[in-house]
Every structure is written in structure tokens, then in C-alpha cells.
Amino acid sequence: MDKVLSAFEAISTIQSGMTIGIGGWGSRRKPMSLIRELIKTDKTDFTLVSYGGPDVGMLCAAEKVKKLIFGFVTLETSPLEPHFRKARQEGKIDIMEIDEGMMNLGLTAAGMRLPFNVTRAGLGTDALKLNPDIKTIKSPYSDETLVAMPAIPLDIALLHVHETDSLGNSFIFGPDPFFDEQFARAASKVIISSERIIPTEEINTEKTIWNRFERSLVSTIVEAKFGAHPTSAAPDYGFDKAHLEEYSNSIEPDSWKKYFDTFINIENTEYVQAVGGEKFISSLEVPVF
Amino acid sequence: MKNFTLSELCICAASEAWRDDGEVLATGIGIIPRLAASLAKLTHSPELMMTDGEAYLVSEPVPVGRRGDYIPKIEGYMNYSRVFLNLWKGHRHAMTGPVQIDKYGQTNISFIGHNSNKPKAQLLGARGFPGNTINHSNSMFVPRHDRRSFVEGEVDMVSGVGYNPSRRLKGMREDFINLKIIVSNLAVLDFKGPDHKIRIKSLHPNVNLKEVQDNTGFELVVDSENITETPLPSDKQLLIIREFLDPENLREKALPDRS
């Protein structure tokens with residue numbers, strides 16, 4: 001059993017119109033090398049589910065997004081995400097905008113193969129009013145009205161981790177695993193990119209505290225050193241503020257074409273060189289909040 | 001001659017939001033609210049929990065700006081997943097900076113405009129506002145008190161719940177909604193008017209009632225006898241802010257002094 005494939009092979013299993021969940025948070029530990037590989041294909045019309053950052057923005061800029069399920073999209077280096085903003089202000093994408101906790105609960109429900117999860121989040125707000133598909137429910141134990149947050153099943157989850165063996169025993173060493181586990185459980189198929197692929201014998205008890213979900217969830221593994229760049233993969237490297245700024249400024253069709261040609265429509269090995277090389281990325285300081 | 005700036009006055013006023021809250025997670029989003037929560041913990045409410053801004057609880061608030069030699073005093077773990085659990089339990093009081101607030105205390109950080117499919121200006125998204133506001137205490141900071149922030153009618157996208165009877169669903173539990181104070185560059189407001197209507201609690205020095213009302217898109221409750229002047233920062237508070245919490249004076253960039 002060996003789940004390791006090239007990025008091209010892994011991404012070629014994705015079909016147009018699929019619902020894709022993306023792990024990480026804002027500009028932290030996003031599977032950017034997989035996102036770039038996806039942008040290179042002619043597949044489109046995706047429904048994205050994400051604690052959004054440049055993953056969402058880049059797919060919007062590449063016109064791959066039909067619908068976005070989200071609570072926020074931010075670059076963190078600046079609060080707003082310009083490509084996402086542009087797509088929204090031009091009316092180009094459908095949305096389901098919900099509370100970030102509702103999203104967690106929807107993914108969790110899908111992971112437990114349940115139709116919904118119960119919460120108070122959303123009551124009295126436009127997270128319900130603008131999403132008539134999200135229903136309320138009366139508690140069978142009292143008269144309380146609650147939100148029945150529908151499950152958010154995913155066709156695919158794309159995640160970036162620090163280490164994995166070839167079976168999918170994966171390890172996230174960052175201070176916060178975010179909701180990668182919930183994305184993994186909600187998905188029919190999970191593709192992970194990993195900074196390093198290690199032999200199974202290297203795994204010991206101490207390391208297992210960083211193992212956030214079991215390998216049966218992992219379908220495909222892609223080796224991708226610096227695969228989160230320009231987002232961070234703490235403790236290995238921080239986010240690349242200067243690159244995120246260049247990306248942010250590539251908002252007009254001409255400048256986006258230039259960004260696409262320089263940084264996306266190339267091989268992943270070329271990418272590391274194109275953005276400054278291994279030494280440079282390793283030197284990016286982990287952000288302080 | 002005053003010996004404090006507007007930002008320092010607001011930080012001290014805002015720190016009052018957390019007084020008597022007990023052992024809750026104090027979250028201040030943005031420089032002024034974060035400094036306010038930090039000041040609360042270092043003065044009247046040491047029992048408050050705070051994070052390093054990422055995934056750890058700290059026993060001493062982390063100063064803003066470059067850390068230099070400062071090493072955060074870690075006391076526990078509070079990653080995002082645990083923040084959700086903490087807030088659903090109600091053990092939190094957040095102070096945020098909404099882009100719009102209406103007369104019901106409903107807040108917006110999502111988008112500006114009336115077409116949700118094609119907004120005039122897309123902002124951050126509703127983030128955790130729906131869940132926060134229905135589960136735990138919330139306060140707000142507004143750096144520019146005007147009719148664009150304090151809007152007439154409802155906010156464009158109701159991200160945070162307020163006390164709006166027309167949005168009350170039958171059977172919806174409201175007793176966890178607890179809006180405490182709004183600190184602006186002109187005044188401190190609270191929700192102690194009839195039916196939680198927004199009331200002027202105190203005016204900042206050299207600000208008059210008319211200025212506050214003229215810059216608010218809805219009618220404020222004026223309980224003249226109980227309106228005070230916003231308490232001035234003490235020497236001790238100023239020392240903590242200037243020497244420890246914000247030595248680089250980021251507060252001045254966040255809220256320039258108006259004198």
C-alpha cells in the first residue's frame with residue numbers, strides 16, 4: 001500500500017463541479033501547491049469550503065469557483081482578500097455565508113454521516129435569512145428553536161501537513177491543527193500534500209500527539225516541500241508578506257496573467273526557485289499575532 | 001493640559017467592559033480592544049484568560065508590536081477548535097470593531113450594500129459574529145463615531161445578533177445575548193435604555209451631547225442625570241500602557257489624538 005502520487009496525478013482525479021474543502025486557516029498552512037496544480041487544469045465550477053485565504057482568492061482569480069461556502073476570507077497580512085473581493089463585487093460567485101462555527105459543525109455532521117448538527121449560531125442573523133436552505137428545528141425536549149446546520153459533505157479535501165509516511169499516517173506540528181480533521185472526515189477523498197515523506201519506522205509515541213486523524217481517511221499523498229508557500233507552515237516557515245503583496249496587486253487581467261505565467265503555470269520544483277529559493281522560504285519568520 | 005491621548009482614554013474606558021466578568025476569555029480584536037483587555041487583566045481583573053493571539057493561553061498579556069526579548073508566559077492551550085467550545089459554553093467576552101452598528105446593537109463586518117450577490121464593498125465575511133453574539137458577552141469599539149458606523153435603519157448584513165424584536169424567532173433562546181458597551185472616539189454607550197436601547201453612558205472630555213447625537217444615525221437614549229464624563233486614565237494605567245503593553249505607540253496609529 002503506497003498512496004504517493006505526483007501532484008499532476010493526484011489532481012487529475014478531480015472533476016469539474018465537485019465540492020472541495022480546503023484545510024488551513026486564512027494565510028496559514030494552505031495546500032497551495034495543490035491549488036496551483038488545480039488551477040493549471042481545465043476543470044472548473046467548483047464549490048469551495050474554506051476558512052479562506054489566498055487559496056480562495058487564487059481560485060476566484062482563475063475563475064474556477066461556482067460557489068463558496070465560507071465564514072470569512074482574509075490574507076491576514078491585510079484583513080481583506082482582493083481577488084475574492086473582486087469576484088464578489090462583480091457578482092461572479094454564488095455564496096453560502098455562515099458563521100465559522102456553523103461551518104465546523106456542518107463538516108463534523110458530514111464526518112459522522114449525520115444530516116445536520118444543532119447550534120444556536122446563526123439565529124437572528126442574516127446567516128439564516130440569506131440562506132433559506134438552512135432550516136431551524138424545534139428541540140424534541142423543550143420548545144427551544146435551534147439551527148439545524150446541514151452537513152457539508154465534500155467530494156475532495158485538500159490539506160497540507162508537515163510529515164506523512166506513504167500510508168497516510170500524517171503529522172501536523174503547527175501550534176494549531178485548525179479544522180483539517182473535520183475536513184478530512186467530511187470528504188469522500190482526501191489528498192494531502194506534505195513537506196516530507198518519512199519511513200513508517202520513524203514514527204514513535206511522542207510523534208503521535210501530532211497525528212490529527214487516522215490514515216484510512218487519506219487517499220492520496222503528494223510530496224511538496226514548501227507546498228504551503230506563500231502561506232505559512234509553522235514551525236517550518238512563516239508567510240511571505242512580500243509575495244502576498246505581489247499577488248494582491250495582480251488584480252487586473254494583465255497583471256494576473258503575469259502572475260499566472262510566473263508562479264502558477266510552472267512545475268512545483270521551479271516554483272520554489274521562482275519565489276526566492278529554499279533558503280529564502282526557510283528564513284521566513286513565523287508570524288507573531 | 002491633559003496628560004493622555006484619545007487612544008489612551010479609549011483603552012482605559014474600554015477595559016471597563018470586562019470588570020466583574022469573572023474567569024472568561026477576554027478577546028480584543030484590533031489594537032485598541034486588545035490593549036483594553038490586556039489592561040483589564042493587569043489591573044482590576046487578573047482572573048481573565050487571554051491568548052497570545054494564536055493558540056496558547058498566557059498568564060500575562062502579551063505586549064503589542066515587535067516582541068523583542070519578551071517571551072510569552074504560556075499557561076494553557078486555546079486553539080481555534082477550543083475557542084469554539086469555549087464560546088459555545090459562554091465563557092468569553094469579546095470586543096470587536098464592527099463596520100456598522102444599528103439601533104438594535106446588530107453589527108456588520110461582512111459586506112456593504114443591499115445585494116448580497118453583488119455587494120458594493122465586500123469586507124471580511126460574518127466570521128464568528130453570529131455564534132459569538134448569541135452565546136457570550138460582546139462589546140464594541142468604533143474609532144470614528146459617525147453616521148456611516150452608527151447607521152440609520154438596519155446594518156447591511158446582520159452578522160452579529162442584537163436586540164431586534166423583528167428578528168426574534170419563536171422559541172429562540174435570547175438570554176445568552178449580552179451586549180455590554182460601545183466605546184467610540186466620542187463617548188461610551190451602553191444597552192441600558194428601555195428594551196436594551198442604546199444609551200449614552202459617558203461623554204469624552206470636550207465632547208457634548210449634540211455632537212454625539214448628530215453623528216449617530218439613530219436616536220440615543222439620553223438619561224441626562226446619569227451621564228458622566230468618561231473617567232480619565234490614571235497614572236498607573238498610563239504607565240502600564242506606555243511602558244509595558246504598547247511601547248511602540250501603535251495605539252496612536254490606530255486612533256490618532258484629535259487635539
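All heavy atoms count here, side chains included; hydrogens, waters and symmetry mates do not. Residue numbering restarts at 1 for every chain, and letters A, B, ... go by the order of the sequence lines.
- Atom CD of residue A:E100 and atom CZ of residue B:R127 lie 4.0 Å apart, to the nearest 0.5 angstrom.
- Proximity to chain A (any heavy atom under 4.5 Å) is shown, for B:R168, by neither the backbone nor the side chain.
- Contact between B:A121 and A:Q89 at its shortest, heavy atoms only, is CA-OE1, 3.3 Å.
- Listed options A:M102, A:K129, A:Q182 were ranked by heavy-atom pairs under 4.5 angstrom with chain B; first place goes to A:K129.
- In B:K89, the NZ atom is not crowded: 12 or fewer heavy atoms of neighbouring residues, nucleotides or ligands sit closer than 6.0 Å.
- Few gaps surround CD on A:E144; more than 12 heavy atoms of other groups in view lie less than 6.0 Å from it.
- Relative orientation of the A:Y51 and B:F84 rings is tilted, given thresholds of 30° and 60° on the angle between their planes.
- Surrounding CG of B:D69 are at most 12 heavy atoms belonging to other residues, nucleotides or ligands under 6.0 Å away.
- Interface residue B:L169: only side-chain heavy atoms are found under 4.5 Å from chain A.
- With a threshold of 4.5 angstrom between heavy atoms, B:R66 does not approach chain A through any atom at all.
- When the shell of 6.0 Å around CD of B:E152 is examined, it contains 12 or fewer heavy atoms from other residues, nucleotides or ligands.
- Looking at heavy atoms from C-beta onward, A:R120 lies out of side-chain contact with B:E174 at the 4.5 angstrom threshold.
- Considering every non-hydrogen atom in both A:A127 and B:P130, the closest pair reads CB-CG, 4.3 Å.
- The part of A:L105 that comes within reach of chain B is its side chain, from C-beta onward, which places non-hydrogen atoms under 4.5 angstrom from that chain.
- Minimum heavy-atom separation, B:G131 to A:A121: CA-CB, 3.5 Å.
- For a residue to count as touching a neighbouring chain, one of its non-hydrogen atoms must lie under 4.5 Å from one of that chain's; by this rule A:K86 does not touch chain B.
- In the displayed structure, B:R67 atom CZ is contacted under 6.0 Å by more than 12 heavy atoms of other residues, nucleotides or ligands.
- Residue A:T136 touches chain B through its side chain alone, counting heavy-atom pairs closer than 4.5 Å.
- Comparing B:L123, B:N79, B:N115 by how many heavy-atom pairs each has under 4.5 Å with chain A, the most go to B:N79.
- A donor-acceptor contact closer than 3.5 angstrom links the side chains of B:Q122 and A:R88.
- In this structure, A:D176 and B:A55 approach most closely via the heavy-atom pair CB-CB, 4.2 Å.
- Looking only at heavy-atom pairs under 4.5 Å with chain B, the residue among A:R85, A:R28, A:K92 that has the most is A:R85.
- With chain A as partner, the option from B:W88, B:Y56, B:F129 having the largest number of non-hydrogen pairs under 4.5 angstrom is B:W88.
- For A:L123, the parts lying under 4.5 angstrom from a heavy atom of chain B are both the backbone and the side chain.
- A:P79 touches chain B through its backbone: at least one of N, CA, C or O sits under 4.5 Å from a heavy atom, while the side chain does not.
- In this structure, A:T125 and B:G160 approach most closely via the heavy-atom pair CG2-C, 4.3 Å.
- At a threshold of 4.5 Å between non-hydrogen side-chain atoms, the residues A:D126 and B:R167 count as touching.
- For the pair B:K118 and A:G91, the tightest heavy-atom approach, listed with the atom from each and the gap, is CG-N, 3.6 Å.
- Taken to the nearest 0.5 Å, the CH2 atom of A:W25 stands 5.0 Å off from the OH atom of B:Y80.
- With a 4.5 Å cut-off on non-hydrogen atoms, A:E81 does not touch chain B at all.
- Atom CD1 of B:I71 has 12 or fewer heavy atoms from other residues, nucleotides or ligands within 6.0 Å.
- Counting non-hydrogen atoms of other residues, nucleotides and ligands closer than 6.0 Å to CD of A:E90 gives a total above 12.
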Margin query: The test is side chain to side chain contact (heavy atoms under 4.5 Å, CB included); show your working for B:M157 and A:E97 and say whether it passes.
Written below: CA-CA 11 Å; B:M157 195 279 187; A:E97 179 175 2; 3.7 Å; yes
Next item on the list: For side chain to side chain contact (heavy atoms under 4.5 Å, CB included), just list the numbers for A:D143 and B:K170, CA-CA rounded to whole Å, side-chain angles, deciding distance to a tenth of an Å, and then say yes or no.
Entry: CA-CA 9 Å; A:D143 284 335; B:K170 191 168 172 276; over 6 Å; no
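- Here the straight-line distance linking atom CZ of A:F70 with atom OG of B:S110 works out to 5.5 Å at 0.5 Å rounding.
- How far CD1 of B:I134 is from OG1 of A:T119: 9.0 Å, rounded to the nearest 0.5 Å.
- Looking at B:S116, the atoms closer than 4.5 Å to chain A (heavy atoms on both sides) sit in the backbone and in the side chain alike.
- Residue B:S166 does not touch chain A at all, counting heavy-atom pairs closer than 4.5 Å.
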